[in-house]
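Here is the structure we will look at.
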Amino acid sequence: MKDSDVIVFAKKQGYISAKFLNKWNGFDVYEPIYHEGDTSFIGVPLVILVKDDKIRMSTTDEAFEQLDNSN
């Protein structure tokens, strides 16, 4: 899936953009961006998960598991 497709998805979720973070459990992981250039802490650190042609927001459990595994 192209980055532009992920950005369109992010915008539909209320974000202004998204950036690729890493690969995790077979997913491409993207950080949704709420404000460009600012760190936005607005709750659970949800990420966008992409696998093949499927794109979705992570669950709360997945968000924390991905965060734990990225360090």
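As the structure is a prediction and not an experimental result, all values here were calculated from the model.
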What heavy-atom pair brings Ala63 and Ser58 nearest, and what distance separates the two atoms?
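Heavy-atom minimum between the residues: CB-OG, 3.6 Å.
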
Kindly give the heavy-atom pair with the smallest separation between Val44 and Thr60, and that separation in Å.
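Heavy-atom minimum between the residues: CG1-CG2, 3.8 Å.
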
Return the set of residues passing side-chain contact (heavy atoms from CB on, under 4.5 Å) with Lys54 (not counting sequence neighbours), or none when no residue passes.
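Listed in chain order: nothing, the list is empty.
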
ILVMFWY cluster membership beyond Leu49 - transitive side-chain contacts under 4.5 angstrom:
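Same cluster as Leu49: Leu21, Trp24, Phe27, Val29, Val47.
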
In the structure I gave you, are the side-chain heavy atoms of Asn22 and Gln66 within less than 4.5 Å of one another anywhere?
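Yes, at least one pair of side-chain atoms sits under 4.5 Å.
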
Can you tell if the side chain of Pro45 reaches within under 4.5 Å of the side chain of Phe64, non-hydrogen atoms only?
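Yes. Closest side-chain heavy atoms under 4.5 Å.
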
side-chain hydrogen bond (donor to acceptor under 3.5 Å, both in side chains) partners for [X], two or more places apart:
| X | value |
| --- | --- |
| Lys12 | none |
| Glu31 | none |
| Asn25 | none |

Where do Met57 and Ile48 land on the side-chain contact (heavy atoms from CB on, under 4.5 Å) test, with the steps shown first?
CA-CA 5 Å; Met57 294 301 294; Ile48 299 170; 3.6 Å; yes

To the nearest 0.5 Å, how far apart are CD1 in Ile55 and CZ in Phe9?
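Reported to 0.5 Å precision, the distance equals 5.0 Å.
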
Identify whether Val50 and Leu46 are in the same connected component of the hydrophobic contact network (ILVMFWY, side-chain heavy atoms under 4.5 Å).
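Yes, Val50 connects to Leu46 through the hydrophobic network.
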
Strictly by salt bridge (Lys or Arg N to Asp or Glu O under 4.0 Å), give each pair with a member in residues 55-65 just once, sequence neighbours left out.
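Sorted pair list: Arg56-Glu62.
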
Listed by chain and number, what are the ring-ring contact (aromatic ring centres under 6.0 Å, His included) partners of Phe20, not counting sequence neighbours?
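In terms of ring-ring contact (aromatic ring centres under 6.0 Å, His included), with neighbours along the sequence ignored, Phe20 is linked to Tyr30.
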
Do Lys51 and Asp28 meet the salt-bridge criterion of a basic N to acidic O distance under 4.0 Å?
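A salt bridge is absent here (no side-chain N lies under 4.0 Å from a carboxylate O).
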
